[in-house]
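Have a look at the structure below, then the notes.
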Amino acid sequence: MPPLFSRFTIGIPAMNMSNKLFGTLALSLVCSTQAVAADRTVHLPLKPAIEAAQAAGKIDGSVSFYLAGTGPRGKVLEANVVTNRKTNAFAKKDEEACLWVAQSAVIALHEAAKKAGANAVTNIVSYYRKNEYSSKTDYECHAGAMVAGVALRGDLAKVK
């Protein structure tokens with residue numbers, strides 16, 4: 001009777017443990033390098049995302065959006081509200097994926113503002129991985145080979 005485990009299995013020679021370990025480490029290094037290299041930081045204007053969400057009927061125009069350093073001051077009803085959205089970025093240009101995910105973030109802030117009785121989201125900054133990026137026109141998007149993400153933080157406020 002042949003042994004249950006032999007040196008050759010289905011015509012493939014057995015690999016010793018060090019070869020398996022080396023192969024696994026090499027494969028993981030290649031995969032992790034590609035994943036890190038694929039993460040790009042993109043800065044784009046927020047206004048087109050707001051306009052696209054409104055044109056699609058996802059927001060109704062009753063809530064105004066003001067990036068940090070712009071717009072009126074009002075009574076803050078809820079401070080530092082954060083939305084963190086992701087979307088599929090596979091086979092999409094960075095700008096396309098970022099616009100789509102920024103719309104999702106704007107819609108989430110709009111819904112939070114309506115729920116709180118606010119008519120504006122003020123002091124909006126990008127807040128990806130809790131790192132603040134402030135601009136009077138732009139938001140920060142992180143686009144990879146598979147996923148794009150936008151995180152925004154703002155104050156829900158009543159403005160006149």
Side-chain angles (χ1 to χ4, degrees), residues 21-160:
L21 182 60
F22 177 76
T24 302
L25 288 174
L27 182 61
S28 67
L29 179 64
V30 168
C31 290
S32 66
T33 301
Q34 289 175 346
V36 170
D39 189 22
R40 295 167 299 282
T41 302
V42 182
H43 296 109
L44 297 167
L46 186 61
K47 188 175 180 181
I50 296 167
E51 291 170 347
Q54 196 164 7
K58 300 293 184 179
I59 61 175
D60 59 16
S62 63
V63 175
S64 299
F65 297 89
Y66 300 101
L67 289 162
T70 67
R73 294 184 184 195
K75 180 182 178 191
V76 175
L77 303 177
E78 197 172 334
N80 298 319
V81 173
V82 176
T83 180
N84 185 2
R85 296 291 188 243
K86 307 275 189 245
T87 193
N88 177 2
F90 183 72
K92 293 181 182 138
K93 293 184 179 180
D94 291 351
E95 292 77 13
E96 178 187 0
C98 288
L99 177 63
W100 186 260
V101 73
Q103 285 181 65
S104 179
V106 165
I107 293 164
L109 287 175
H110 179 270
E111 290 171 355
K114 298 270 286 190
K115 186 176 179 182
N119 65 354
V121 183
T122 61
N123 200 31
I124 299 172
V125 296
S126 291
Y127 200 59
Y128 194 80
R129 293 188 179 162
K130 297 184 179 181
N131 294 313
E132 187 177 306
Y133 168 78
S134 181
S135 167
K136 291 185 177 186
T137 58
D138 296 348
Y139 66 95
E140 182 176 88
C141 174
H142 288 259
M146 302 301 283
V147 176
V150 169
L152 299 176
R153 184 182 71 192
D155 300 334
L156 308 181
K158 271 277 209 206
V159 297
K160 294 181 181 181

Any donor and acceptor pair, going by atom type alone, linking the side chain of K58 with main-chain N or O of Q54 inside 3.5 Å? no
What pairs of donor and acceptor atoms, side-chain ones from residues 142-160 against any protein atom, are under 3.5 angstrom apart with sequence neighbours left out?
residue: H142; atom: ND1; partner: T41; partner atom: OG1; Å: 3.4
residue: H142; atom: NE2; partner: E140; partner atom: OE1; Å: 3.1
residue: R153; atom: NH2; partner: E132; partner atom: OE1; Å: 2.5
residue: D155; atom: OD1; partner: N80; partner atom: N; Å: 2.8
residue: K158; atom: NZ; partner: G117; partner atom: O; Å: 3.4

To the nearest 0.5 Å, atom OG1 of T122 lies from atom CG of L67 at 10.5 Å
Looking only at heavy atoms, which two atoms of I50 and I59 are closest? And how far apart? O-CD1, 3.7 Å
According to side-chain hydrogen bond (donor to acceptor under 3.5 Å, both in side chains), who are the partners of K114, at least two apart in sequence or on a separate chain? D60, S62
Go through it in stages, so that I can follow the logic: the residues are Y139 and C98, the test is side chain to side chain contact (heavy atoms under 4.5 Å, CB included), and I'd like the CA-CA distance, side-chain angles, deciding distance and then a yes or no. CA-CA 10 Å; Y139 66 95; C98 288; 3.8 Å; yes
Please report the C-alpha distance between E95 and L44 in whole Å, then the side-chain angles of each, then the deciding distance to 0.1 Å, and finally whether the side chain to side chain contact (heavy atoms under 4.5 Å, CB included) criterion is met. CA-CA 8 Å; E95 292 77 13; L44 297 167; 4.1 Å; yes
Salt bridge (Lys or Arg N to Asp or Glu O under 4.0 Å): pairs with one or both residues in residues 115-130, sequence neighbours excluded: none
Looking at side-chain heavy atoms only, is the closest gap between F65 and H110 below 4.5 Å? yes
At their closest point, which heavy atom of A116 faces which heavy atom of L77, and how far apart are they? O-CD1, 3.5 Å
Once rounded to the nearest 0.5 Å, what's the spacing between atom OG of S104 and atom CG of N84? 10.0 Å
Validation row: V106, L46 side chains within 4.5 angstrom (heavy atoms): yes
Pairs meeting criterion salt bridge (Lys or Arg N to Asp or Glu O under 4.0 Å) with involvement of residues 102-112, two or more places apart: none
Salt bridge (Lys or Arg N to Asp or Glu O under 4.0 Å): pairs with one or both residues in residues 61-87, sequence neighbours excluded: none
Which heavy atom of V125 sits nearest a heavy atom of A68, and at what distance? CG1-CB, 3.7 Å
One should read off an interatomic distance between H43 NE2 and Y133 OH, to the nearest 0.5 angstrom, of 4.0 Å
Who are the side-chain contact (heavy atoms from CB on, under 4.5 Å) partners of L99, not counting sequence neighbours? P48, A49, Q103
Does any part of the side chain of R40, heavy atoms only, come nearer than 4.5 Å to the side chain of D94, both counted from C-beta? yes
Taking every heavy atom of V63 against every heavy atom of A113, the minimum-distance pair comes out as CG1-CB, 3.8 Å
Distance-only, no hydrogens or angles: does the S126 side chain make a donor-acceptor pair with backbone N or O of Y128 under 3.5 Å? no
N119 vs S64 side-chain heavy atoms within contact, under 4.5 Å: no
